[in-house]
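Small disclaimer: the values here were computed from a predicted structure and weren't measured. The basis for the numbers below is simple: all heavy atoms, side chains too, and nothing from hydrogens, waters or symmetry mates.
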Amino acid sequence: MPIGDSLPSSTVPTPPLPSDPFQSASEALPLVESAVRRWRSALDGVVRGGLKRELTVRAIADGFKIGRGTAYNLARLLQAETLPSLVALLPGAKARESVVIRCRLSGSPEAMQSELEAADGHLNDVLERFGLTHSRLAALVGDNVDDGELRRRLLRGFRSRFESDQLLIGAEASMLIAAQIAVPSSDDLHVDIAGTQILAGVRRLRPGPPVEIYHSFGAGEEALQQSMSEGLDELHLTREHASSGRGFNYLMTDPSSDRDHGAIAAFFETVAMIGLMDSDLEDDYAEAALPILLPIRQLRYEVWIHRNVRRGGPPTAHLYPDRGSTPSQFDRHNRSRLPLPADLEVVEAPFKGDDLDADPARRHAGLIEMACRRLGVAVEDLVCHRVQLACPPNGSRVSIRWPLAHRPG
């Protein structure tokens with residue numbers, strides 16, 4: 001694994017720290033980037049000066065007496081170019097201290113070692129001045145989830161949080177398969193929406209208070225589909241009207257613990273004229289959002305858009321840190337979203353070559369066909385946009401949005 005050319009580090013001046021201690025972290029981003037890049041450049045000089053040969057993972061591990069895993073991470077850090085990648089791969093304070101000590105023992109030139117120690121001290125000062133822990137530093141540069149290293153770090157964080165949510169909530173589901181279908185309304189101005197969900201492998205891990213597993217669109221119809229569900233007698237589902245008046249919550253109480261594979265709950269609803277296809281604003285959009293109510297091991301979320309729905313551009317996927325709204329609100333003006341570390345794909349043949357097991361695939365296809373009959377459209381006239389994500393954060397919302405067609409005033 002060859003490493004890129006080293007940057008000269010001994011001549012890099014130490015940038016002054018801001019005099020205003022209340023300066024925000026976002027305003028300090030240029031200073032943070034300078035400190036991070038200086039540290040990486042100094043490390044590159046020490047590693048090259050100590051090894052004097054091709055920088056492979058094995059060479060770094062043997063030359064600095066460190067494990068292969070640590071050496072691999074350092075090699076990736078020395079190859080990284082973008083700030084999100086550098087931050088995602090940057091060792092924490094204790095690990096950086098250990099790296100500096102190892103470098104001191106490597107026999108690299110004294111001037112390079114001194115520059116690394118100075119760069120490390122400066123980086124620590126910058127992070128301390130702005131209260132930037134390792135996680136806060138990653139969040140500061142976290143808008144670009146197209147960066148592979150940052151995406152991997154976010155996904156690792158999701159998996160770690162999943163285990164904590166299991167412990168706190170005492171319930172989980174192995175899979176959530178959700179879809180929302182958007183078709184033109186009868187007035188050719190609005191959009192009708194049908195929503196489907198399949199919660200598979202739903203189980204309680206310990207006795208406790210009721211846990212919400214589904215948030216309905218509204219109170220106008222029964223969302224639960226008994227014929228496509230399984231093991232509901234062991235879930236003891238109850239229905240409760242939401243205090244906000246937006247609909248019904250389906251609550252899960254203690255199921256039997258002798259079902260190893262968990263229960264399956266299927267839901268289906270429709271809402272007419274939920275939002276407009278056109279807008280006077282050039283940057284306006286429509287959005288379908290899915291609240292994550294349980295720790296979910298694997299999410300598959302789809303938005304099927306009819307070919308006759310007027311749009312101003314292709315859909316994009318986003319993540320909201322809260323679940324404070326329902327699909328009935330359409331979320332058209334809620335801008336506080338986060339990037340989603342997963343790709344949104346256009347699926348040409350949604351029911352062919354599927355990676356779902358036969359049983360959930362059959363239930364999912366059945367719900368989609370039911371939605372098409374209710375909406376009076378053919379499956380062939382819909383374009384499926386799919387996003388898949390392991391361990392989506394509990395209490396968040398995954399959304400797929402598309403620009404509305406612009407209607408000049």
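- Residues meeting the side-chain contact (heavy atoms from CB on, under 4.5 Å) test with C372, sequence neighbours left out: I368, V377, V379, L382.
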Could you go step by step and tell me if T270 and I193 meet the side-chain contact (heavy atoms from CB on, under 4.5 Å) rule? CA-CA 6 Å; T270 60; I193 289 283; over 6 Å; no
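- Under the side-chain contact (heavy atoms from CB on, under 4.5 Å) criterion, A71 pairs with V57, I60, A61, I66, sequence neighbours left out.
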Checking L86 against L77 for the side-chain contact (heavy atoms from CB on, under 4.5 Å) test, could you report, in this order, the C-alpha distance in whole Å, the side-chain angles of both residues, the deciding distance, and whether it holds? CA-CA 6 Å; L86 290 173; L77 173 67; 3.9 Å; yes
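- There is a side-chain donor-acceptor pair under 3.5 Å between H364 and E302.
- Counting heavy atoms from C-beta on, the side chains of I400 and T316 never come closer than 4.5 Å.
- Contact record, M228 with I264: O-CG2, 4.3 Å, taken as the closest heavy-atom pair.
- Annotation: side-chain hydrogen bond (donor to acceptor under 3.5 Å, both in side chains) contacts of T70 (sequence neighbours excluded): none.
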CA sep, side-chain torsions, deciding dist, call: L319, R397, side-chain contact (heavy atoms from CB on, under 4.5 Å): CA-CA 6 Å; L319 180 69; R397 283 173 295 143; over 6 Å; no
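- For the side-chain contact (heavy atoms from CB on, under 4.5 Å) test, residues two or more places apart in sequence or in another chain that qualify with T133 are S135, R136.
- The nearest pair of heavy atoms linking Q166 to P295 is N-CG, 4.0 Å.
- Under the 4.5 Å side-chain criterion, counting only non-hydrogen atoms from C-beta, W402 is not in contact with P314.
- Side-chain contact check for L43 versus V99: some heavy-atom pair is nearer than 4.5 Å.
- By the salt bridge (charged side-chain N to carboxylate O under 4.0 Å, His left out) test, D381 pairs with no residue at all, sequence neighbours left out.
- Summarising the geometry of F158 relative to P393, their closest heavy-atom pair is CE2-CG, 3.4 Å, with the distance given to 0.1 Å.
- Listed by chain and residue number, nothing satisfies the side-chain contact (heavy atoms from CB on, under 4.5 Å) test with P403 (two or more places apart in sequence, or in another chain).
- The stretch residues 77-100 participates, sequence neighbours left out, in these salt bridge (Lys or Arg N to Asp or Glu O under 4.0 Å) pairs: R96-D120.
- Defined by atom type and a distance below 3.5 Å, a donor-acceptor pair is present between the side-chain atoms of Y320 and E287.
- Proximity of V383 to R307: side-chain heavy atoms (C-beta onward) are separated by under 4.5 Å at one or more points.
- Every residue two or more places apart in sequence or in another chain that forms a salt bridge (charged side-chain N to carboxylate O under 4.0 Å, His left out) with E117 is listed here: R104.
- In this structure the side chain of R363 never reaches within 4.5 angstrom of the side chain of S229, judged on heavy atoms.
- Note: L127 CG to L137 CG = 6.0 Å, rounded to the nearest 0.5 Å.
- Atom CD of Q388 has more than 12 heavy atoms from other residues, nucleotides or ligands within 6.0 Å.
- R58 places a side-chain heavy atom less than 4.5 Å from the side chain of R68.
- Scanning all heavy atoms of the two residues, the minimum distance from L299 to V398 falls at CD2-CG2, 3.7 Å.
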Walk me through whether L123 and L90 qualify under side-chain contact (heavy atoms from CB on, under 4.5 Å). CA-CA 11 Å; L123 177 59; L90 185 71; 4.2 Å; yes
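- Each salt bridge (Lys or Arg N to Asp or Glu O under 4.0 Å) pair with one or both residues in residues 180-198, not counting sequence neighbours, appears once here: D188-R310.
- Closest heavy-atom contact between R300 and L356: NH1-CG, 3.2 Å.
- Side-chain atoms of L294 and L176, non-hydrogen and from C-beta on, never get closer than 4.5 Å to each other.
- Under the ring-ring contact (aromatic ring centres under 6.0 Å, His included) criterion, W39 pairs with no residue at all, not counting sequence neighbours.
- Residues meeting the salt bridge (charged side-chain N to carboxylate O under 4.0 Å, His left out) test with R297, sequence neighbours left out: E172.
- The closest side-chain heavy-atom distance from C103 to V100 is not below 4.5 Å.
- Contact between S85 and A80 at its shortest, heavy atoms only, is CB-CB, 3.8 Å.
- In this structure, the salt bridge (charged side-chain N to carboxylate O under 4.0 Å, His left out) partners of E33, at least two apart in sequence or on a different chain, are R37.
- Taking a cutoff of 4.0 Å between a charged side-chain nitrogen and a carboxylate oxygen, R48 and D44 qualify as a salt bridge.
- Interatomic distance, OH of Y301 versus CD1 of I292, reported as 9.5 Å (0.5 Å rounding).
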Starting from the C-alpha separation in whole Å, work towards a yes-or-no answer on side chain to side chain donor-acceptor pair (under 3.5 Å) for Y214 and E269. CA-CA 12 Å; Y214 180 77; E269 289 183 88; 2.5 Å; yes
